[in-house]
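Presented below is the structure to which this report refers.
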Amino acid sequence: MEEFDLLQAFPNKEAFDAFFMDNFKPMTYDDMKEGLEELVKKEGLDIFEKSYVEKVNKADFMEHLSQAARFAFDEAMTEAFYDKNPEIYEAAFGIFELAPERAKEIAYTFHKTYQEIFEEGMSCMFDAVIAPLL
């Protein structure tokens, strides 16, 4: 979609939501598993801030990830989401580039869903590869 067409196609949240609901392919942990688990298998508990390693727990582990780990997990999620839903991802980020002041409102459902999937994936990843290290 060209820039002008993108803002015409999605002038508001309702228009974007309709597009999202018609095109979204649900994601599961399996869609992002490899990318999320790869770093933990390589780095172990070194993915956390040094002062947190002795207190790792599921309730707040995401708040204590090293900057490099957070970046790697964000990248894995982005790749998995894009692989499964490229049209939605490109539309949401296109809107952000064209109208940053309105993007969060227009593409709210994208951002909310993306965050929910990320949090669920991180929770599953904790159970699968971090908990056994504790």
Using every non-hydrogen atom in the two residues, find where [X] and [Y] come nearest and quote the distance to one decimal.
| X | Y | result |
| --- | --- | --- |
| Asn23 | Ile88 | C-CD1, 3.7 Å |
| Leu39 | Ala69 | CD2-CA, 3.5 Å |
| Ala107 | Ala92 | CB-CB, 4.2 Å |
| Ala128 | Glu37 | CB-OE2, 3.4 Å |
| Ala80 | Met32 | CB-CB, 3.8 Å |
| Ser66 | Asp46 | OG-O, 4.5 Å |

Asn57 and Leu134: CA distance, side-chain angles, deciding distance, side chain to side chain contact (heavy atoms under 4.5 Å, CB included) verdict: CA-CA 9 Å; Asn57 67 75; Leu134 301 178; over 6 Å; no
Using the ring of each side chain (for Trp, its six-membered ring), is Phe96 parallel, tilted or perpendicular to Phe93, with breaks at 30° and 60°? perpendicular
Relative to each other, are the rings of Phe81 and Tyr89 parallel, tilted or perpendicular (30° and 60° limits)?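 Tilted.
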Determine, step by step, whether Glu120 and Met27 satisfy the side chain to side chain contact (heavy atoms under 4.5 Å, CB included) criterion, reporting the C-alpha distance in whole Å, the side-chain angles of both residues, the deciding distance to 0.1 Å, and the verdict. CA-CA 10 Å; Glu120 176 64 22; Met27 295 180 62; over 6 Å; no
Taking Tyr114 as the starting point, is it possible to reach Tyr108 by hopping between hydrophobic residues whose side chains are less than 4.5 Å apart?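 Cluster IDs for Tyr108 and Tyr114 differ.
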Same hydrophobic cluster for Phe71 and Leu65, using side-chain heavy-atom links shorter than 4.5 Å among ILVMFWY?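 In one cluster with Phe71: Leu65, no.
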Interatomic spacing from [atom1] in [X] to [atom2] in [Y] - rounded to 0.5 Å:
| X | Y | atom1 | atom2 | result |
| --- | --- | --- | --- | --- |
| Ile117 | Asn85 | CD1 | CG | 7.5 Å |
| Ile106 | Glu14 | CD1 | CD | 10.0 Å |
| Glu49 | Phe61 | CD | CZ | 13.0 Å |
| Tyr82 | Glu90 | OH | CD | 3.5 Å |
| Met125 | Lys33 | CE | NZ | 12.5 Å |
| His64 | Arg70 | NE2 | CZ | 12.5 Å |

Do the non-hydrogen side-chain atoms of Thr78 and Glu75 ever get within less than 4.5 Å of each other?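 Thr78 vs Glu75: side chains apart.
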Val40 vs Ile47 side-chain heavy atoms within contact, under 4.5 Å: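 The answer is yes; the side chains approach within 4.5 Å.
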Just wondering, more than 12 heavy atoms not from [X] lying within 6.0 Å of its [atom1]?
| X | atom1 | value |
| --- | --- | --- |
| Glu101 | CD | yes |
| Lys104 | NZ | no |
| Glu34 | CD | no |

Give a yes-or-no answer on whether the side chains of Tyr29 and Ser123 include a donor-acceptor pair shorter than 3.5 Å. no
Please step through side chain to side chain contact (heavy atoms under 4.5 Å, CB included) for the pair Glu87 and Lys25, ending with a clear verdict. CA-CA 11 Å; Glu87 300 86 10; Lys25 295 174 188 86; 4.3 Å; yes
Working for ring pair (Phe, Tyr, Trp, His ring centres under 6.0 Å), residues Phe10 and Phe20: CA-CA 11 Å; Phe10 308 116; Phe20 185 92; over 10 Å; no
Main chain of Cys124, side chain of Asp127: is a donor-acceptor contact present, judged purely on distance under 3.5 Å?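 Pair absent, no side-chain N/O of Asp127 close to backbone of Cys124.
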Go through it in stages, so that I can follow the logic: the residues are Phe110 and Ile95, the test is side chain to side chain contact (heavy atoms under 4.5 Å, CB included), and I'd like the CA-CA distance, side-chain angles, deciding distance and then a yes or no. CA-CA 11 Å; Phe110 164 79; Ile95 291 168; over 6 Å; no
